[in-house]
Amino acid sequence: MTKKIPMRKCVGCMEMKEKKDLVRIVKSPEDEIFLDTTGRANGRGAYICNNAGCLKKAIKNKGLERSFKSQIPADVLQNIEKELS
Ligand SMILES: [Zn+2]
């Protein structure tokens, strides 16, 4: 029996990857956007590779804005970038 591996699309490079290889960025019901290190935070989630390069791509291609249907403040992006390895 093969177990189905959950796949998610990175909003930066747009590649499908295993969920465990991606990090989740979440927009909470209170409209806070942050890196969801637990993977269980409430709200709308977007997935991204665990590197700053894909975050930069996601900013450039507006992938995050599209996922969250809102603008993302620059300081929020900076915080997320700092947390990405
Ligand atoms: Zn990526």
Side-chain angles (χ1 to χ4, degrees):
M1 251 175 62
T2 50
K3 217 177 155 194
K4 208 160 180 251
I5 300 163
M7 302 286 279
R8 292 290 183 277
K9 193 159 129 188
C10 169
V11 292
C13 60
M14 298 293 176
E15 280 176 39
M16 295 294 292
K17 305 233 172 164
E18 285 183 42
K19 200 174 158 188
K20 67 173 172 61
D21 291 334
L22 299 166
V23 289
R24 186 171 182 249
I25 297 171
V26 77
K27 183 183 173 196
S28 75
E30 293 79 36
D31 283 343
E32 284 178 303
I33 295 167
F34 55 92
L35 194 69
D36 174 21
T37 46
T38 66
R40 299 159 178 272
N42 246 331
R44 178 186 283 271
Y47 288 85
I48 191 164
C49 303
N50 192 8
N51 67 61
C54 276
L55 182 67
K56 288 211 175 76
K57 282 183 203 159
I59 295 165
K60 208 176 239 177
N61 70 18
K62 311 263 185 222
L64 277 176
E65 271 111 328
R66 261 202 312 275
S67 293
F68 295 138
K69 297 183 171 42
S70 71
Q71 296 278 345
I72 299 160
D75 59 324
V76 168
L77 291 170
Q78 270 165 19
N79 281 338
I80 293 171
E81 190 174 352
K82 256 182 253 166
E83 286 184 72
L84 291 173
S85 54

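For ligands, and for the atoms within them, numbers begin at 1 and follow the listed sequence. Throughout, numbering of the chain's residues begins at 1 and tracks the sequence. These numbers come from the heavy atoms of this one structure, side chains and all, not from hydrogens, waters or symmetry mates.
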(message) Determine whether I33 and L77 satisfy the following criterion, side chain to side chain contact (heavy atoms under 4.5 Å, CB included), listing intermediate values before the conclusion.
(response) CA-CA 9 Å; I33 295 167; L77 291 170; over 6 Å; no
(message) For the CG atom on N42, are there more than 12 heavy atoms of other groups (residues, nucleotides or ligands in this structure) within a distance under 6.0 Å?
(response) no
(request) Please report the C-alpha distance between R44 and K69 in whole Å, then the side-chain angles of each, then the deciding distance to 0.1 Å, and finally whether the side chain to side chain contact (heavy atoms under 4.5 Å, CB included) criterion is met. (result) CA-CA 10 Å; R44 178 186 283 271; K69 297 183 171 42; 4.1 Å; yes
(message) Check this for me, if you would: do D36 and R40 make a salt bridge, where the nitrogen-to-carboxylate-oxygen distance has to be below 4.0 angstrom?
(response) no
Considering only distance and modelled atom types, tabulate donor-acceptor pairs under 3.5 Å from the side chains of residues 6-17, sequence neighbours left out.
none

(message) Just to be sure I understand the site: which N, O or S atoms from the protein are less than 2.8 Å away from the Zn ion (ligand 1)?
(response) C10 SG, C13 SG, C49 SG, C54 SG
(message) Taking the side chain as everything from C-beta on, heavy atoms only, tell me whether Y47 gets closer than 4.5 Å to S67.
(response) no
